[in-house]
Amino acid sequence: MGELVVVLLRCTDLRPGVDPLTGAISRDPRASALSASDAAALEHGLRIGELLGKRVLAMTAGGPETEAPLREALALGAEVRRVPVTASYLEELAADERALAQALVAALQGEVPDLVLCADRSADRGTGALPAFLAHELGCAQAPGLVSLELTPDGLVAERRLDYGRRERMLVPLPAVCSVEGAGVRLRRASLPASLQAATAAVPVADVAVKPGAVRVVRAGPSRPRPRHLPAPTGTSRERLLALTGALLSHEPPTVVGPVGAEEAADELLDFLVRQGYLSEARTGWAVT
Amino acid sequence: MTDVIVVGAGPAGASAALTAARAGLEVVLLERGPFPGSKNAYGGVVYGRVLDDVLPGWYDEVPVQRWVTRRSTMVLTDTQALTVDFRSTAWGEAPYNGCTTFRADFDSWLANKAVEAGAQLVTSTVATGLLVENGVVVGVTTDRPDGDLRAKVVIAADGVNSFLAKQLGLLPKTDAAHLTLGVKEVLSLPREVIDERFGVRGDEGVDVEILGCTRGIAGGGFVYTNKDSLSVGVVVSIDGLAKSGIRPEELIADLKAHPAVAPWVQGAEVKEYAAHLIPEGGYDHLPELSAPGFLVTGDAAGLCLAAGIWLEGVNFAIGSGLAAGKAAAGHVQRDEPLTSYKQDLEGSFVLQDHKRLRKAPGLVLSDRVQQQYPGMIADLVEGMFTVTNPTAKPGVLTLLRRSAKKHGVKLRHLAADGLSGGRTFR
Amino acid sequence: MTQWDDMAFDDRMGTVEFRVGERPHIVVDSDICRSCTTKACVTACPANLFAPTSDGGILFNYEQCFECGTCYQVCNSEGALSWTYPDGGQGVVFRHG
């Protein structure tokens with residue numbers, strides 16, 4: 001058992017600028033901040049660290065722009081560490097969370113944490129793969145997507161949402177990697193004296209040689225079917241109204257599918273997209289890469 | 001306990017922190033936004049020469065959008081536009097004159113200078129009030145836990161709403177008559193399109209001040225060029241705005257649709273919309289600038305020059321901030337009275353410009369200048385340049401009388417305003 | 001000349017970043033507003049946050065506030081608005097101000 005609770009934070013501009021004309025994306029380094037779920041992860045980490053009487057280490061991968069949120073963590077009593085990677089590298093890594101997980105674990109310098117917390121929307125834009133890779137690297141349990149974490153006499157009890165409004169409560173054996181939703185808790189505020197001290201403190205940079213990601217993204221396409229172009233209705237006002245409202249057309253009644261398993265659901269969706277003309281028949285055998 | 005607390009990391013606060021820290025004082029600079037400049041909005045031009053002494057070569061590193069090399073003053077009616085246009089290549093070379101920049105960039109840059117000089121910047125912290133003991137300001141309360149902080153001098157650079165100055169009664173709680181509201185759109189346009197539409201190239205930029213585009217509400221409009229965007233907006237008296245029942249964004253829409261402005265902004269997309277108050281009382285409505293243990297700078301002190309063709313604020317904020325930092329250092333190190341701050345400002349451009357142009361806000365925002373003169377002047381010029389053959393050209397005086405009559409301007413009022421204008425801007 | 005705006009107001013406000021805090025930093029006392037005849041805040045607020053209600057009161061939404069101060073400056077009813085800044089780090093974040 002280690003003596004450490006680790007919180008992995010993603011510090012980035014949460015509202016990157018999208019040029020309305022060119023679509024070019026720009027991130028403002030000054031606006032680097034914690035998302036609601038990152039803030040929740042830090043709050044859980046600080047609280048559980050206090051209860052367990054263990055050190056809390058807040059760590060992030062990124063450039064110097066990530067230091068402002070780390071200083072906030074420092075002011076809240078956590079130790080901080082930055083894994084030095086450039087923004088472009090981080091974007092590449094987002095496609096290969098394994099390399100990122102390895103870099104983060106290497107930055108722990110051999111210390112084995114009791115608990116690793118991260119946000120459910122971490123560096124990988126919410127695929128949820130990072131916590132799993134981390135758990136693999138650390139050889140410990142994992143519990144992603146939690147809404148609450150409580151320390152009870154039995155151990156760490158976590159709760160997460162399931163389909164149909166159900167919740168599951170589980171006992172998480174330590175050591176574990178947990179990712180949390182931005183729900184239930186708000187990050188406490190640092191005191192003024194601590195903030196003053198943290199304002200000028202240096203943020204330690206982990207001495208880690210980060211390997212390049214093994215996965216290369218060749219092309220990233222649109223994430224949803226393209227809209228179909230429909231001609232504007234013509235004719236008299238009555239005809240146009242009828243065309244727009246579809247009042248006299250026959251309709252396919254809504255189909256209720258399921259509850260079904262993931263595979264049947266996927267097949268059903270693909271069939272639907274083919275029927276509606278969003279996918280060609282030839283592509284139904286596509287693989288998600 | 002620290003030497004100086006500066007509240008607000010805008011241009012005034014950053015400058016005050018810079019001089020105080022350079023004098024060797026322990027300085028805490030509080031900012032309520034997540035980073036300096038994040039709460040600030042303005043028209044778009046900074047005149048940076050005030051930095052020559054403290055940051056030599058500032059123009060090589062300031063985060064500039066474009067250097068203003070062309071200044072236009074426009075008078076609009078619904079269908080007419082009269083422009084006086086000036087350009088100078090000298091303004092496009094060191095030491096330059098004015099530049100367009102965004103406050104998030106500029107204020108962060110300047111605050112960083114204060115940090116480099118040794119000031120401690122704490123962001124995301126609101127100074128909620130002053131600690132006062134026996135009539136002397138001894139610190140501030142903040143919204144952080146354990147948030148009281150004591151200091152020998154508190155410098156309020158907390159902007160136009162300065163609740164700190166209000167707490168001491170230096171500023172009235174409300175003062176709608178001497179405040180204007182600026183609303184602005186930043187419009188995205190490709191760089192080459194801006195260069196082409198405004199006749200500039202490279203880093204050159206344009207500054208257009210506009211009169212007569214606010215539906216008779218006292219105020220004016222502006223168009224500034226940034227690298228790949230335009231800043232378009234209006235500044236209106238909030239009293240007038242409230243009485244008119246017109247919504248501020250409608251005034252921007254009006255301006256953007258005017259035949260003289262529409263071709264500039266055609267095809268542009270709104271990148272950000274912003275609003276901010278501006279103190280426009282001028283010299284006659286400046287508050288007390290100091291109290292025991294307390295100095296007021298920048299917008300908090302109403303140091304903003306909105307005198308018709310001169311529209312300046314950031315330079316006065318910097319000027320007053322530098323002086324406040326100096327006065328605080330004198331007070332802490334040599335026990336000099338804080339009132340030396342005002343004397344210092346009286347001797348500098350900050351109060352001299354305000355004093356010289358003390359009548360300007362009243363004149364520029366007067367009903368005649370706002371509602372009657374734009375139409376009168378535009379009609380006069382239209383009359384002069386409309387070739388009415390076979391009728392012979394009318395004399396200029398005839399045209400003046402005609403257009404004055406049409407717009408309900410009495411010639412004696414015109415003469416009186418001309419005279420007071422001459423005195424105001426002498 | 002009445003020129004209608006070329007963009008929906010929600011889209012306009014959508015161009016601005018607001019970090020919404022838990023605490024409403026401006027509170028309107030609607031009982032006082034009911035006796036107000038001008039309701040200048042409704043048109044003057046550049047973020048259009050003051051909505052008149054059918055019973056003559058005012059409904060205020062603090063989330064998209066520019067923190068400019070226009071509302072309390074034009075308000076003619078003493079005490080109708082209690083106006084503070086949002087907690088540190090919350091509220092509007094201008095990138096191109």
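By convention in this document, chain letters (A, B, ...) are assigned in the order of the sequence lines, proteins followed by strands, and residues within each chain are numbered from 1.
Looking only at heavy-atom pairs under 4.5 Å with chain C, the residue among B:Ala176, B:Ala275, B:Ala242 that has the most is B:Ala275. Interface check for chain B: of the options C:Ala44, C:Cys41, C:Gly91, C:Pro46, the most heavy-atom pairs under 4.5 Å are formed by C:Pro46. When the candidates B:Leu241, B:Leu181, B:Thr101 are compared by the number of heavy-atom contacts under 4.5 Å with chain C, B:Leu181 comes out ahead. Interface remark: of the candidates B:Val126, B:Val160, B:Asp107, B:Asn161, B:Asn161 forms the most heavy-atom pairs closer than 4.5 Å to chain C. Among C:Pro86, C:Gly89, C:Gly97, the residue with the largest count of heavy-atom pairs under 4.5 Å with chain B is C:Gly97. Between chain B and the options C:Val93, C:Val92, C:Asn48, C:Asp87, the largest number of non-hydrogen pairs under 4.5 Å is found for C:Asn48. In terms of non-hydrogen atom pairs under 4.5 Å with chain B, the most contact-rich of C:Cys45, C:Gly14, C:Ala40 is C:Cys45. Of the listed residues (B:Gly37, B:Ala104, B:Pro248), the greatest number of heavy-atom pairs within a distance under 4.5 Å of chain C belongs to B:Pro248. For the options C:Thr84, C:Thr70, C:Val74, C:Val16, heavy-atom pairs under 4.5 Å to chain B are most numerous at C:Thr70.
Residue contact with chain C, scored on non-hydrogen atoms closer than 4.5 Å, involves the backbone of B:Lys173 exclusively. The contact between B:Lys184 and chain C is made entirely by side chain atoms (from C-beta outward), counting heavy-atom distances below 4.5 Å. With a 4.5 Å cut-off on non-hydrogen atoms, B:Phe35 touches chain C through its side chain but not through its backbone. B:Ile238 touches chain C through backbone and side chain together, each having a heavy atom under 4.5 Å away. For B:Asn40, the part lying near chain C is the backbone, with the side chain staying farther off; criterion is any non-hydrogen pair under 4.5 Å. Heavy atoms of C:Asp11 lying under 4.5 Å from chain B are absent altogether. Within the 4.5 angstrom heavy-atom criterion, only backbone atoms of B:Ile246 (N, CA, C, O) approach chain C. Neither the backbone nor the side chain of B:Thr123 comes within contact range of chain C, judged by heavy atoms closer than 4.5 Å.
Note that B:Arg247 lies in the cation-pi zone of C:Phe9, set by a 6.0 Å cut-off to the ring centre and a 45° limit from the axis. Cation-pi check for B:Arg103 over B:Tyr42 is met; the charged atom lies under 6.0 angstrom from the ring centroid and within 45 degrees of its normal.
Between C:Phe94 and B:Phe102, the ring centre distance reaches or exceeds 6.0 Å. For C:Phe60 and C:Tyr62, the ring centers are positioned 6.0 Å apart or more.
Side-chain contact, B:Gln80 with B:Thr77: a donor N or O sits under 3.5 Å from an acceptor N or O. Judged by distance alone, the side chains of B:Ser231 and B:Asn226 do bring a donor and an acceptor atom under 3.5 Å apart.
No option in B:Val140, B:Val122, B:Thr142, B:Leu130 other than B:Val140 meets the side-chain contact (heavy atoms from CB on, under 4.5 Å) test with B:Ile5.
Ring pair C:His25/C:Trp83 is perpendicular by interplanar angle, where above 60° counts as perpendicular and below 30° as parallel.
Heavy-atom minimum distance, B:Cys304 versus B:Pro279: CB-O, 3.3 Å.
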Exercise. Is there a side chain to side chain donor-acceptor pair (under 3.5 Å) between C:Asn76 and C:Thr38 once you walk through the steps?
Worked result: CA-CA 8 Å; C:Asn76 58 7; C:Thr38 55; 3.0 Å; yes

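A donor-acceptor distance shorter than 3.5 angstrom exists from the side chain of B:Gln65 to the backbone of B:Lys227, with no hydrogens or angles considered.
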